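Report on the following structure.
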Amino acid sequence: MRSGGGCSGSLSLTGAASFKCSGVCPYSLGLAFSAAILPAKKEDFMAELYRVLEAGKIGIFESPTGTGKSLSLICGALSWLRDFEQKKREEEARLLETGTGALHDEKDESLCLSSSCEGAAATPRPAGEPAWVTQFVQKKEERDLVDRLKAEQARRKQREERLQRLQHRAQFKYAAKRLRQEEEETEHLLRLSREMLETGPGAERPEQLESGEEELVLAEYESDEEKKAASGVDEDEDDLEEEHVTKIYYCSRTHSQLAQFVHEVKKSPFGRDVRLVSLGSRQNLCVNEDVKSLGSVQLINDRCVDMQRSRHEKKKGAEEEKPERRRQEKQAACPFYSHEQMGLLRDEALAEVKDIEQLLALGKEARACPYYGSRLAIPAAQLVVLPYQMLLHAATRQAAGIRLQEQVVIIDEAHNLIDTITGMHSVEVSGSQLCQAHSQLLQYMERYGKRLKAKNLMYLKQILYLLEKFVAVLGGNIKQNPNTQSLSQTGTELKTINDFLFQSQIDNINLFKVQRYCEKSMISRKLFGFTERYGAVLSSREQPKLAGFQQFLQSLQPRTTEVPVLLCAAPAAPADESQASAPRPASPLMHIEGFLAALTTANQDGRVILSRQGSLSQSTLKFLLLNPAVHFAQVVTECRAVVIAGGTMQPVSDFRQQLLACAGVEAERVVEFSCGHVIPPDNILPLVICSGISNQPLEFTFQKRELPQMMDEAGRILCNLCSVVPGGVVCFFPSYEYLRQVHAHWEKGGLLGRLAARKKIFQEPKSAHQVEQVLLAYSRCIQACGQERGRVTGALLLSVVGGKMSEGINFSDNLGRCVVMVGMPFPNIRSPELQEKMAYLDQTLPRAPGQAPPGKNLVENLCMKAVNQSIGRAIRHQKDFASIVLLDQRYARPPVLAKLPAWIRARVEVKATFGPAIAAVQKVSPTFFFLRVSPPRDLISHCLLSAQFHREKSASS
């Protein structure tokens, strides 16, 4: 990266003094670019971020939406990386210049944190060792360090020269086209050669199977203990391995958020110099249409891995395998997996900043896999942009080639980080899936049993045994139809992992070996191919061979069943329009594999929930992760520094206690920073209303909120607010069921008609597919009312906390001039999962004097986190303005107020009665109305972007 030109004493920028105190140059932080568009408080944000990265700490940063958080992260983090690399190069030059004696004179240990200095510190020598031995060891360490530095310089010079040669796109296109033509010609010649050999005399052929069926048969399996010296990596892959430079991993939730961040990087002062690579899932980066057509994420992953594995096995033993086997494996290989073309793709990705869409287009043009090509770019990249699920899941992180040692991780949009980690490692399987997987495995063994080796048969029988015991522990019978099988005992039961294993009578099975077998043999992929082939209609050729076994299965089914239900990949269900384009369901064994993997977790970190419903098909086994820190600990211990950032991070105690303290992070290493909003103080009016129009105390507890007088008070307050607030009003309710009850009560009492006279009423849909339609109608109504200036002044959107509209939707400008929160949306305290989580925290976390127990604190934090996300939908940029009305006297309690975002908490006004509250809203509402001449942004486009976020959110979950 560029040095930036230095800093002169005449440079005058607001807030520069804070940087001088920390020894940080304002120019080096890109303030020459950002000072014109960022307020002074954002300079504090960047300075604090710089200090956290320099000191190697854990930072929790809060910066509201619209305050330039992304640009602050870019300027602060990349400025630190540039300075770090500059210091590192200066130190390398000094060591190379002095040659010897410099290693032990080093004062600044922070400069030796890179991979080149790992292991360079002098090894402590035993006391009493001869001086000549100590001197010899010291000189050898110094020579080794110098050799490493020279090798790293050579690699860096070679990489920079290679990237410079890619300045002209024509060279890349020509090289990619030439390699593609050569590969196609080679494939053509090899195909002709194989066909000639196969048609020759004396060719030995295995048992004839139908076309495409050979790949369904499991290959001979060897456990890890039996593989002494199998690396599984090609020589050409070894050649592409590079040493990882110090880099920044930037994570966010969705691909659209990552693309927006990449665009911000392009516009920043570092856009031309930084080596950036965007990572994504196979579903987003695959260019093989045959694989993408599978639809399901799990099926795409398994098919891709199967293709690469067949390629490695073919290359490993091509001379020993029979011609027909080689031919079928060659057909299974991916044509886009070419190391030469992926190497070109890697260099092109590093030469210029590209988002995922540009990387995908580049891969299609070069016929190179963007998924694997982007992975090859990780070692040399300075900034890696990826979804945080890819970084937080250890197996995915390892498969992608991500190394966290001494690197920097920035997790943006991290308000749901704990829930994300918990959800990623919590698995649920139904009784229907267990029975389907058992039946499919039985039929698979019947079909291919004679072609399977002993190890495969042994593991398949163990899996069948596990499935049988899982069904038995639910109270069912594996040999009966799960849809018609009623259970004598119903209810929910929680077990520790050890208790569940003993109760299921599977404690004698080595689950680690079974899990490893499922992963390496890809049995779920083979089983899915088998059910795809024979699930609906059996071919006439195979019907006689399976007739006896089918008769046995059919004897277990009701007479009305025409096709064996257990053979189908999923139970039949009525199709609707929304499901017509849904991806094909994955094999039930894929879900069960995740459950088996979860059972290998430490006993105290998880629970197994046995949910017995009316029938076996509706009953479930669920693994619940209680301690997400066990999966986050590796990130915070290996990384140099970790930054957890978001627009609303309150309450922060959850991150400190559940995530960091449980991961072994000392309190001194954690730094908190909250940045104020950029809006003027008069642009926001947060109100806590303690009583209604008839002086009815507002306390929407679970016991009182369904009372008629409470619902009437909420309706009358909303009517008055809609009369004085122009544009859009968004009202949040604790649940869908309560919204339905209130809507019905208002309609019966006439309040709904009074509301409709001032605002057109819209209601949040339960289906994710209808979100965009409702948002478009809502925004168009507000736009039309703003132009007509009639009696109806806008629209009212009735929403649900934690629903479709409470996160990722931007109600900016006229879309949300007032946000109303009815009650406090506490989670269901009777939930077995929540009760177990509360009990776990009470047992593991210390209780501070004078504070609530950790379990009770968790419930309140979950409530306030949902509130903060919902009320933050309104203020979205510097010129926005809105009122925030909290309808419940419990919000006035100091512990609750302390968990609001700082920029809202500082301006909250608590109103004991409704009169002063509506007067305050009425006083500022005309000002709001006359300030608006035209919407600063296109409302409809804004709704489309918000709906895009929700589609990605639904797809990922």
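Just so we're clear, the structure is a prediction, and the values are computed from it rather than from any experiment.
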Passes salt bridge (charged side-chain N to carboxylate O under 4.0 Å, His left out), Asp412 versus Lys69? Steps please. CA-CA 9 Å; Asp412 200 0; Lys69 171 168 57 70; 2.8 Å; yes
Taking all non-hydrogen atoms of both residues into account, name the closest pair between Ser72 and Phe45 and its distance. CB-CD2, 3.4 Å
Results of ring-ring contact (aromatic ring centres under 6.0 Å, His included) for Tyr250 - residues two or more places apart only: Phe261
Is the backbone of Ile378 close enough, under 3.5 Å, to the side chain of Lys247 for a donor and an acceptor to pair up by distance? yes
Tell me every residue that passes side-chain contact (heavy atoms from CB on, under 4.5 Å) with Gln358, counting only those two or more places apart in sequence or in another chain. Lys266, Lys354, Asp355
Carefully, step by step, assess Val409 and Val643 under the rule side-chain contact (heavy atoms from CB on, under 4.5 Å). CA-CA 6 Å; Val409 167; Val643 175; over 6 Å; no
Within a strict 4.5 Å, meaning less than it, do heavy atoms of the Pro370 and Ile356 side chains meet? no
Please determine whether a side-chain nitrogen of the Lys or Arg among Arg656 and Glu672 lies less than 4.0 Å from a carboxylate oxygen of the Asp or Glu. yes
Side-chain donor-acceptor pair under 3.5 Å between Asn284 and Tyr371, yes or no? no
Under a 3.5 Å distance rule, please check whether Asn868 uses its side chain to pair with a backbone N or O of Lys899 as donor and acceptor. yes
Heavy-atom side-chain contact between Leu279 and Val385 under 4.5 Å: no
By side-chain contact (heavy atoms from CB on, under 4.5 Å) - contacts of Thr637 (at least two apart): none
Let me see the working for Gln869 and Val801 under side-chain contact (heavy atoms from CB on, under 4.5 Å), right down to the final yes or no. CA-CA 9 Å; Gln869 285 299 313; Val801 177; over 6 Å; no
Going through the checks in order, is the side-chain contact (heavy atoms from CB on, under 4.5 Å) test met by Cys662 and Asn627? CA-CA 8 Å; Cys662 291; Asn627 183 19; 3.9 Å; yes
Taking the six-membered ring of Phe655 (Phe, Tyr or Trp), confirm whether the NZ or CZ of Lys865 is under 6.0 Å from its centre and within 45° of its axis. yes
Go through it in stages, so that I can follow the logic: the residues are Ile871 and Leu900, the test is side-chain contact (heavy atoms from CB on, under 4.5 Å), and I'd like the CA-CA distance, side-chain angles, deciding distance and then a yes or no. CA-CA 10 Å; Ile871 63 179; Leu900 289 170; 4.2 Å; yes
Can a donor-acceptor pair be found, under 3.5 Å and without considering hydrogens, that links the side chain of Ser268 to the backbone of Phe270? yes
To the nearest 0.5 Å, tell me how far Ile410 CD1 sits from Leu49 CG. 5.5 Å
Hey, are the side chains of Ser278 and Leu258 touching, using non-hydrogen atoms and a 4.5 Å cut-off? no
Minimum side-chain heavy-atom gap Tyr372-Leu285 below 4.5 Å: no
As an exercise, state the distance from CG of Leu625 to CD1 of Ile421, rounded to the nearest 0.5 Å. 9.0 Å
Can a donor-acceptor pair be found between the side chains of Glu85 and Gln382 at a distance below 3.5 Å? yes
Taking every non-hydrogen atom, the tightest pair across Arg275 and Val245: NH2-CG2, 4.1 Å
For the residue pair Ala663 and Ala629, what are the closest heavy atoms and their distance? N-CB, 3.7 Å
So CG of Leu862 and CE of Met864: to nearest 0.5 Å the spacing works out to 12.0 Å
With Val274, which of Leu81, Leu78, Ile74 fulfils side chain to side chain contact (heavy atoms under 4.5 Å, CB included)? Leu78
How long is the straight-line distance from CZ of Arg346 back to CG of Leu350, given to the nearest 0.5 Å? 7.5 Å
Taking the side chain as every heavy atom from C-beta outward, state whether Asn857 and Ser653 have any atom pair closer than 4.5 Å. yes
Under 3.5 Å: donor-acceptor pair, side chain of Glu62, backbone of Met649: yes
Do you know the tightest heavy-atom contact between Gln658 and Ile418? OE1-CG2, 3.9 Å
In short, Arg640 meets Val408 closest at the heavy-atom pair CD-CG2, 4.3 Å
Using 0.5 Å steps for rounding, measure from the CG atom of Leu53 to the OG atom of Ser79. 10.5 Å
Close side-chain approach of Ile884 and Leu685, heavy atoms under 4.5 Å: no
side-chain contact (heavy atoms from CB on, under 4.5 Å) filter on Ala394, not counting sequence neighbours, yields Arg397, Gln634
Hey, does the side chain of Arg669 reach the backbone of Gly56 with a donor-acceptor pair shorter than 3.5 angstrom? yes
Measuring only between side-chain heavy atoms, which start at C-beta, is Ile644 closer than 4.5 Å to Leu417? yes
Would you indicate whether Gln260, at its atom CD, is surrounded by more than 12 heavy atoms from other residues, nucleotides or ligands within a distance under 6.0 Å? no
Note: Arg51-Glu48 ion pair, threshold 4.0 Å (strictly below): yes
Give every residue pair that meets the ring-ring contact (aromatic ring centres under 6.0 Å, His included) criterion with at least one member in residues 376-406, sequence neighbours excluded. His393-His425
Lys87 bridged to Glu54 by N-O distance under 4.0 Å: yes
Who are the side-chain contact (heavy atoms from CB on, under 4.5 Å) partners of Asn301, not counting sequence neighbours? Arg282, Val297
In Å and rounded to the nearest 0.5 Å, what is the CD to OG1 distance from Gln407 to Thr246? 5.5 Å
Of the non-hydrogen atoms in Arg253 and Pro387, which two are nearest, and what is the gap between them? O-CB, 4.3 Å
Quick check: do Leu815 and Ser779 have side-chain heavy atoms less than 4.5 Å from each other? yes
Steps toward salt bridge (charged side-chain N to carboxylate O under 4.0 Å, His left out) verdict (Glu264, Lys267): CA-CA 5 Å; Glu264 292 288 339; Lys267 295 186 296 184; 3.7 Å; yes
